[in-house]
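Scroll down for the structure; my scribbles are underneath it.
When a residue number appears, it is its place in the shown sequence, counting from 1.
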Amino acid sequence: MRSAQLRPLRDLRMIRNVESKLHDVVIVGGGGAGLRAAIAAAEVDPGLDIAVVSKVYPMRSHTVAAEGGMAAAIKENDSFEHHIYDTISGSDWLADQDAVELFVKEAPDELIQLEHWGCPWSREPNGTVAVRPFGGMRIQRTWFAADKTGFHVLHSLFQTTMRYASVNRYDEWFALDLLVDDGRCQGVAALELRSGEVKAILGKAVIICTGGGGRVFPFTTNAAIKTGDGMTLAYRAGVALKDMEFVQYHPTGLPGTGILITEAARGEGGILVNKNGRRYLQDYNLGRPLDISDPNHPQNRTMELGPRDRLSQAFILEEQKGNVMQGEYGSYVHLDVRHLGEKLIDSKLPFVRELALNYGGIDPVTEPIPVRPVVHYMMGGIDTDIRGATSLPRLFAAGECACVSINGANRLGSNSLTELLVFGARAGHDAAELAAGSEIGDVGALEAQATASESRVRGLVSNGNQGTERIADIRQEMTTAMETGAGIYRTEESLRATCHKLVELRDRFRNVNLDDSGLRYNTELIAALELDCMLDVAQSVAFSALARKESRGSHQRTDYPDRDDDGYLKHSLAYREDDSPRIEYKPVTITKWPPAARVYGS
């Protein structure tokens, strides 16, 4: 494993082995996947000691920002087969079909369990759970709690973990490195923000649940904390990052802020129009009218519920035609929900109205909302099997930081929150069973590894003011390079330029400058550590995209415009090397659904 150390500390004699804290299971990340894993582990054996290490207070995890809902087949007109097929075809046949089958079949039980833990699902007048349509799904199967689903889900999970005395939280601790002994993952080195101290938080199994890395792009719905830290932990320990070239743009983010206007707005009947007032999606084979002949009729919402990758691509094509509007923050189109009426908006889309008012100065009851595509989700992540296990023994991963893969080249809206529950539970269960029958390895050796992590942190702080590079400059150049060269449409030339730039920025980062020489709540230090992680994530995305010479789902190469199942019906695996990732491949698991044309609106 290559060290990410910039410079050695001037006097290592001042550093002694860091202290360790012993647990049975260590979970990194306190969002939906991490909390679900903690509950599952506690249910295996209430006597197990479970640590949840999170760089923010759990209720500030990005799960809280999810708006639209969670997919699970439960209605009479739906079936597991329908949900499976929608997910596989939506993935452009890059999803592992055994994982999708398992996911779909376990989804309803997880959502019912979540209700028992207190999640207030919206209801139909007859008292049954309400469902709404979501993009890429032919049948309404998305459960929701108004448009604050993530908020209620995270509250329910967080409150449930508090029932278990065995769950111990490390809030505002930044995980620096995985600790490995005798080929097994045995904990993490973590920095406590409040004290500036590094500790070895040891366990018999570790689960990474840290979310995605959308902040490597300039326009994103992702919270500031989503910097790919957990992906980088595994990557630096020799675990592959899988399918990282597949980055999902959400078609409706607010210009400037990138704040998400949920797909639920279109599920309830919102329409997208260009500068001419035309519902331009009718020009891109994203859905034909179902019950009415007029594609501009407000009740025909089929086209607005096409898959996210294709809606985002349609925006770029409209932009090239000159059919979009221009504002302070670039191009945009309008999302119009005015015809839905104030009563429906306030009952089913209250958060949309709140966000539009607070961050756009727009009341959607009376004005259309300006929107543009923004980076939303990473289909790729830490390579795991269907139990959440990685190639490093005793290391698991779940949630957006992991790649099972059920999402393939394009994730369907409302599958992600359900994925947190299904695979968070499975990872927590298996990690707990392993921990119950084993012991922690050589504590002294693990503490020595954590000491090296502390040396890296202190070296950044003590020598940082001698550097010539600024964190903000490197970060801005990185995000610009990613958007320019690895955005919605890509070419060999643009990707090579991005890859070259990222190698340059990685080298320049070694000479980064920090003004703050303290250790307690040093936010500049955390920004440097996050940037270090983001550079690794960005490289894995760009180099994987350069190697995949086809167009599939969210990965669109204008120089290779066709899907190539003969050459690329396989997962990419990015392994960390000194200068740039090494890209390998492994087959996609096909069970009953052979690759076919990905068709919508027929």
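E67 and T149 are not linked by any side-chain donor-acceptor pair at a separation below 3.5 angstrom, with hydrogens and angles left out of the test. R411 and S416 share a donor-acceptor pair across their side chains, judged by distance under 3.5 Å alone. Under the 3.5 Å distance criterion, with hydrogens and angles disregarded, no donor-acceptor pair is assigned to the side chains of D309 and Q248.
Checked against E245 for a salt bridge (charged side-chain N to carboxylate O under 4.0 Å, His left out), the options K549, R552, R548 give a single hit: R548. The side-chain contact (heavy atoms from CB on, under 4.5 Å) test with R266 singles out one residue from L311, I271, I261, and that residue is L311.
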Q: Walk me through it: do D96 and V404 pass the test side-chain contact (heavy atoms from CB on, under 4.5 Å)?
A: CA-CA 8 Å; D96 285 328; V404 179; over 6 Å; no
**Q.** Check against side-chain contact (heavy atoms from CB on, under 4.5 Å), N407 and Y377
**A.** CA-CA 10 Å; N407 299 312; Y377 189 90; 3.5 Å; yes
(Q) Could you go through V64 and M59, starting from their C-alpha distance and side-chain angles, then the distance that decides it, and tell me whether this counts as side-chain contact (heavy atoms from CB on, under 4.5 Å)? (A) CA-CA 7 Å; V64 80; M59 281 308 302; 4.1 Å; yes
(Q) As a quick check of understanding, evaluate side-chain contact (heavy atoms from CB on, under 4.5 Å) for Y249 and F217, giving each step before the final call. (A) CA-CA 11 Å; Y249 280 72; F217 287 85; 3.7 Å; yes
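The backbone N or O of I369 sits nowhere less than 3.5 Å from a side-chain atom of D336 that would complete a donor-acceptor pair. Here the side chain of S405 pairs a donor or acceptor atom with the backbone of G408 at under 3.5 angstrom.
The aromatic rings of F423 and F103 lie parallel to each other, with less than 30° between the two planes, well short of the 60° mark.
Shown here are the salt bridge (Lys or Arg N to Asp or Glu O under 4.0 Å) partners of D564, two or more places apart in sequence or in another chain: there are none. Taking D92 as the reference, R563, R598 meet the salt bridge (Lys or Arg N to Asp or Glu O under 4.0 Å) condition, with sequence neighbours excluded. Not a single salt bridge (Lys or Arg N to Asp or Glu O under 4.0 Å) links D243 to another residue, sequence neighbours left out. Applying the salt bridge (Lys or Arg N to Asp or Glu O under 4.0 Å) test to E584 and every residue at least two apart in sequence or in another chain returns R582.
S89 OG to N410 CG: the interatomic distance, rounded to the nearest 0.5 Å, is 9.5 Å. Once rounded to the nearest 0.5 Å, the distance linking OH of Y585 with CG of L573 reads 9.0 Å. For the atom pair OG1 of T221 and CD1 of I259, the computed distance is 10.0 Å after rounding to the nearest 0.5 Å.
The pair E263-R308 meets the salt-bridge criterion, since a charged nitrogen lies less than 4.0 angstrom from a carboxylate oxygen. At a threshold of 4.0 Å, the pair D385-R387 does not count as salt-bridged, since none of the basic side-chain nitrogens sits closer than that to a carboxylate oxygen. Classification of D147 and K348 as a salt-bridged pair fails, no side-chain N sitting under 4.0 Å from a carboxylate O.
A cation-pi arrangement, defined by a distance under 6.0 Å to the six-membered ring centre and an angle within 45 degrees of its axis, is present between R372 and F219.
In this structure, L157 and T160 have side chains that are not in contact, with every pair of non-hydrogen atoms separated by 4.5 Å or more. Looking at heavy atoms from C-beta onward, E318 lies in side-chain contact with Y284 at the 4.5 angstrom threshold. V273 has its side chain out of reach of P368: every pair of non-hydrogen atoms, C-beta onward, lies at least 4.5 Å apart. The closest side-chain heavy-atom distance from W93 to V588 is not below 4.5 Å.
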Can you give the donor-acceptor pairs under 3.5 Å from side chains of residues 69-78 to other protein atoms, not counting sequence neighbours?
from	atom 1	to	atom 2	distance (Å)
K75	NZ	V129	O	2.6
D78	OD1	R141	NH2	2.9
D78	OD2	R141	NE	2.8

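Around the OH atom of Y359, the shell of radius 6.0 Å holds no more than 12 heavy atoms that belong to other residues, nucleotides or ligands. More than 12 heavy atoms of other shown residues, nucleotides or ligands fall within 6.0 angstrom of atom CZ in R138.
Residue pairs meeting the ring pair (Phe, Tyr, Trp, His ring centres under 6.0 Å) criterion with at least one member in residues 114-143, sequence neighbours excluded, are W121-W143.
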